Amino acid sequence: MAKHFQRTGRKLLGIDRQGWIKGFFGGNATLSIIILFLICFFLITEAVRFFPQHHEKLQLHRKSGQEYVNHIITEMNEYSQLVSLTNQAYFQELNEKYALQRGISNSFEAFLDPLEDDGEDLIEALEDAEDDPEALAQAQADWRAFVSGVVEGANRADIDSFGRLDDASWAALKKAMIDYDPVEEEPPAYVTQAQQELRDGMARFEEAKNEISSAGRELKQLRQKLVKIASKVKDDAAAEESAAERKKALLAGAETMTNEAEKAAQIEQANAIVIRDEFPFAARTEEIAASKDAHKAAVAELKEKLGIAVAKLPTELSSEEASALLDQVRKAHPPFVKWLDESVAKASTWQWDRKLSFFGSAMKFFFGVDWVTNSSWHDFYGLLPLFIGSFEISLIAIMFAVPFSIGAAIYVNRLAGRWEQTLIKPAIELIQAIPSVVLGFFGIVVLGEGLRDLSQIEALSWVPGFPMQERLNVLNAGLLLALMAVPTIFTLCEDALNNVPRAYSEASLALGASKLQTVIKVIVPTAISGILAAVLLGFGRVIGETMVVLLVAGNKIALPDWSAGLGVITQPTHTMTGIIAQEMGEVTKGTLHFRALFLVGLVLFTISLCINVAAQRIIKRLGHA
Amino acid sequence: MKYTALLALGAMFTGSAFAQEKIVIKGSDTLGAKMVPQLKEAYIAAGNQVDFEIAAEGSSQAFSNLLAGTADIGMSSRDAKDKEKDSFTAKGQKLVEHVAGWDMIAVVTNKKNGVRRLSVKQIEGIFTGDITDWSELGGNPGKISMYTRNTSSGTYKSFQKLAMSKRDYSPESQKLAGNEQIATEVAGNVNGIGYVGLAYAGKDGLRAIKVEGVSPKPKNKAEYPLSRKLYYYTANEPTGASKKFLDWAIHSAPAKEIITKVGFIPVD
């Protein structure tokens with residue numbers, strides 16, 4: 001055996017065998033470091049170039065007047081929430097008070113589906129026969145027979161899908177359907193009467209409701225008009241910006257052409273492109289700037305009409321839900337009016353040529369709340385909703401994973417018998433072998449469905465967020481990721497427990513402590529740094545996971561609705577990893593969107609790096625000798 | 001530049017005595033992404049010896065290239081503007097329109113949801129976030145869950161144009177990867193609404209909404225508000241290889257099969 005360790009005399013290029021082996025391993029290590037460095041370099045250079053480009057886009061947003069119009073868009077959106085609440089209250093009240101009439105009206109409409117679809121030929125025959133009494137009589141008889149067939153064969157649950165009709169009115173409606181005139185599309189008298197009753201009874205509420213809906217008419221018109229202008233300015237400016245490049249490309253292309261006529265044509269085309277130094281933003285946005293007064297007037301009108309209409313809203317309602325909704329409207333009204341004033345004041349400071357700070361536009365990325373891409377209006381790149389989504393999911397995953405994995409590690413390492421050890425450890429580590437796309441699929445089909453069914457159980461309605469409407473949500477994704485984090489945390493924890501010197505536990509046991517006391521009072525405190533590091537690394541594993549969150553998180557890019565309290569965990573969300581995976585395929589290299597995704601990647605990378613560094617530090621700081 | 005020149009099998013026959021005829025097709029990427037390339041493949045596979053060049057950069061390219069004589073056939077997902085027609089007239093030419101097929105988007109809800117009819121305005125309200133509750137649409141109270149395609153989808157954009165006055169989607173929208181996923185989510189959620197290609201609207205548990213009283217069926221393609229025509233355009237009546245290809249691509253049975261397969265509706 002000793003001969004293996006002998007130095008051989010043979011050398012290649014002046015280096016002996018040992019030298020070559022050492023060089024091979026050293027080279028591999030160096031290469032991986034270089035590759036890592038290159039990846040970082042690439043990531044950073046692409047990501048950092050996002051900022052100037054983004055700044056330019058935001059500047060264009062301001063210059064083209066879109067920034068101003070955006071204020072109006074936001075005002076309209078907020079206002080439409082008030083309208084929505086009022087409408088909800090109106091219909092709740094309607095359902096409570098005039099359920100029967102509503103049922104008649106809805107069921108009549110439901111009957112129209114089969115009548116219009118299957119009776120098309122008969123309706124045509126009726127229309128054709130209008131001038132011929134004999135044919136008309138025949139067509140009418142055919143139609144009647146057809147209608148009574150449809151009506152008798154109809155499934156009541158399908159027609160009266162909300163179950164609002166009683167037996168008598170169901171029978172009456174069926175009988176009345178014969179009178180329906182398909183040519184004039186005139187409902188039978190029974191139905192019009194019900195509709196009339198409903199209208200009369202709700203007249204006062206309806207008036208107030210319609211006044212609220214129409215209060216913003218002028219602002220809406222202004223929005224439509226200005227959106228068109230600003231979009232056009234933006235498109236034209238963007239087209240002109242690329243004009244110089246297009247000219248260059250055309251000229252360069254002409255150089256390579258052999259056909260003289262084509263070449264001349266292309267050169268002519270290139271020369272036809274006029275390059276201006278400045279796009280005339282001032283002149284083009286004049287109309288927008290001049291709309292400031294119109295904007296103020298429209299908002300003043302909205303405020304006035306809204307005030308009158310809100311005062312008109314009925315106070316005595318039969319439906320409790322409707323009263324609650326109207327209370328919400330009344331409560332939201334004063335702050336909304338105040339906010340409107342602020343918004344108008346803010347909008348009026350807009351000037352196309354006001355300077356935009358670079359820092360401010362960078363912050364729009366980190367703290368922006370909108371991520372809107374491929375928009376016909378303006379693309380927003382705001383990280384915050386994605387960041388919060390990633391964080392929410394990871395937090396839930398860790399909350400579930402930590403007790404399980406630490407508990408399992410302690411049990412396997414200290415308390416379990418030999419055969420239990422040989423069974424549990426590999427089983428937990430096997431979880432790691434499940435491909436994440438399979439887990440995602442499981443999450444959609446099994447876990448999501450199961451959780452939603454579970455949440456429908458009445459007795460569990462006290463759980464925040466239950467009953468859940470969406471099966472793709474934070475909780476679902478978090479649970480799956482918890483499963484993925486368990487092996488990581490478990491293995492690292494077990495290692496940390498293993499590192500506790502034998503003498504500690506032996507000493508503790510010798511002093512008369514029980515096994516459990518030893519674990520809780522001696523072993524765990526000693527290994528705490530390793531356990532903390534394990535949790536941190538588990539967090540890092542979870543926040544970088546992509547496939548599961550892409551499939552299961554629900555992909556809704558919005559800040560969580562905090563009004564739901566802890567219930568936010570059953571809302572859908574989107575994540576930083578998910579957005580990269582979802583949108584990378586569609587972007588062209590070098591565009592703003594492309595770089596935005598790289599920047600998101602860089603943020604993720606930074607987070608992972610920090611977590612890893614923190615874990616290392618903890619082990620060093622708190623680590624036992 | 002997203003310029004994709006596709007050379008056909010013809011390259012193999014360059015040894016033969018006569019040069020192969022070439023059809024240059026430019027324009028809309030709705031048509032040029034899948035439908036026309038697949039039609040091309042089938043056309044060549046059927047034994048037609050023609051070279052093709054297809055470039056899909058947007059509908060406007062169809063008209064500028066036809067006018068410049070750099071394309072034989074233009075593809076467009078909108079009809080020609082008057083200004084574009086005028087420019088042909090000015091050159092003593094005529095812009096001829098050939099309907100290539102129909103693109104139709106079905107709005108679907110859960111079968112247990114009683115709402116059957118919506119107006120385009122209501123659909124705009126739902127997807128932009130102005131309308132948030134089913135009670136506003138005549139249904140039982142419940143927060144609307146809307147499912148949309150993700151931003152890379154052509155339908156995402158078409159729907160925005162046809163149903164939403166080009167306004168942005170509400171941030172509450174959930175962006176799913178494909179038709180099938182939208183259909184599954186809506187079928188499992190009473191308060192769900194989404195849009196899918198016509199082929200998916202018949203899935204179990206789904207109801208295709210009547211938009212403005214018209215149900216999304218191939219025979220209603222002209223009246224249904226969320227459908228649009230897709231066009232081929234030529235400068236003057238097509239002749240020779242272009243005419244032969246257009247006749248085949250619009251009226252032949254295998255072409256219709258392909259059109260249906262990529263999610264559009266053939267002309268007749």
Side-chain angles (χ1 to χ4, degrees), chain A residues 73 76-77 80-81 83-85 87-92 94-95 102 105-106 109-110 112-113 116-117 160-162 224 227 231 249 265 269 321 369-378 385 444 448-449 452 469-472 550-551 554-559 572 574 582-583 585-588, chain B residues 1-2 68 70 111-117 125 128-148 150-153 156-157 160-161 164-177 181 184-185 188-192 207 210 213-215 217 219:
Chain A
I73 292 178
M76 276 304 289
N77 286 350
S80 71
Q81 297 310 310
V83 176
S84 171
L85 281 176
N87 285 343
Q88 285 173 41
Y90 173 80
F91 286 108
Q92 295 265 21
L94 200 65
N95 280 351
R102 210 161 174 225
S105 182
N106 286 145
E109 276 178 18
L112 289 187
D113 279 357
E116 281 175 3
D117 289 351
D160 179 26
S161 42
F162 301 112
Q224 266 164 353
V227 160
S231 297
Q269 199 186 344
E321 288 93 355
V369 295
D370 296 305
W371 181 282
V372 182
T373 59
N374 201 2
S375 163
S376 313
W377 173 242
H378 176 75
I444 294 177
E449 204 56 52
R452 187 158 62 189
Q469 181 166 335
E470 306 290 347
R471 59 178 185 171
L472 305 182
L550 182 62
L551 288 172
N555 300 352
K556 180 182 99 173
I557 313 174
L559 288 180
H574 212 320
Q582 191 174 40
E583 296 187 345
E586 69 180 275
V587 297
T588 325
Chain B
M1 197 160 68
K2 215 166 69 182
T70 46
K111 199 132 216 180
K112 287 186 209 128
N113 187 331
V115 176
R116 293 148 196 276
R117 288 156 185 256
T128 54
D130 290 348
I131 295 174
T132 56
D133 199 282
W134 280 110
S135 64
E136 291 174 62
L137 303 162
N140 282 336
K143 192 169 171 273
I144 298 175
S145 301
M146 65 192 118
Y147 302 96
T148 74
N150 63 32
T151 48
S152 60
S153 143
Y156 179 87
K157 251 334 216 235
Q160 215 169 22
K161 269 187 212 148
M164 298 168 63
S165 324
K166 286 196 182 179
R167 287 172 65 192
D168 276 325
Y169 285 87
S170 153
E172 291 293 312
S173 61
Q174 296 183 47
K175 298 183 174 60
L176 304 183
Q181 234 188 320
T184 313
E185 286 313 313
N189 184 346
V190 187
N191 293 323
R207 170 180 283 132
K210 282 194 173 185
V214 185
S215 49
K217 287 184 183 154
K219 68 175 163 88

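Lettering follows sequence order; numbering is per chain, from 1. Every value quoted in this text rests on a predicted model; they were computed, and no experiment measured them.
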B:Asp133 CG to A:Phe91 CZ distance, which is reported to the nearest 0.5 Å: 10.5 Å

Calculate, to the nearest 0.5 Å, the distance between atoms CD and OG belonging to A:Gln92 and B:Ser135 respectively. 5.0 Å

State whether a side-chain donor-acceptor pair under 3.5 Å links A:Glu470 with B:Ser145. yes

Say whether A:Ser375 and B:Gln160, considering side chains only, have a donor N or O and an acceptor N or O under 3.5 Å apart. no

Does any heavy atom of chain B fall under 4.5 Å from the side chain of A:Ala89, the backbone, both, or neither of them? neither

Can B:Lys175 and A:Glu583 be counted as an ion pair, charged N to O under 4.0 angstrom? no

Is B:Arg116 close to A:Glu109 at the side-chain level, that is, under 4.5 Å between some pair of heavy atoms? no

Answer yes or no: is there a side-chain heavy-atom contact under 4.5 Å between B:Lys157 and A:Ser376? yes

Look up atom CG in A:Asn77 and atom CG in B:Asp130, then write down how far apart they are to the nearest 0.5 Å. 6.0 Å

Could A:Lys556 and B:Glu185 be called an ion pair, given the rule that one side-chain N must be under 4.0 Å from one carboxylate O? no

Answer yes or no: is there a side-chain heavy-atom contact under 4.5 Å between A:Leu112 and B:Arg117? yes

So what's closer than 4.5 Å to chain B heavy atoms on A:Gln81: side chain, backbone, both or neither? side chain

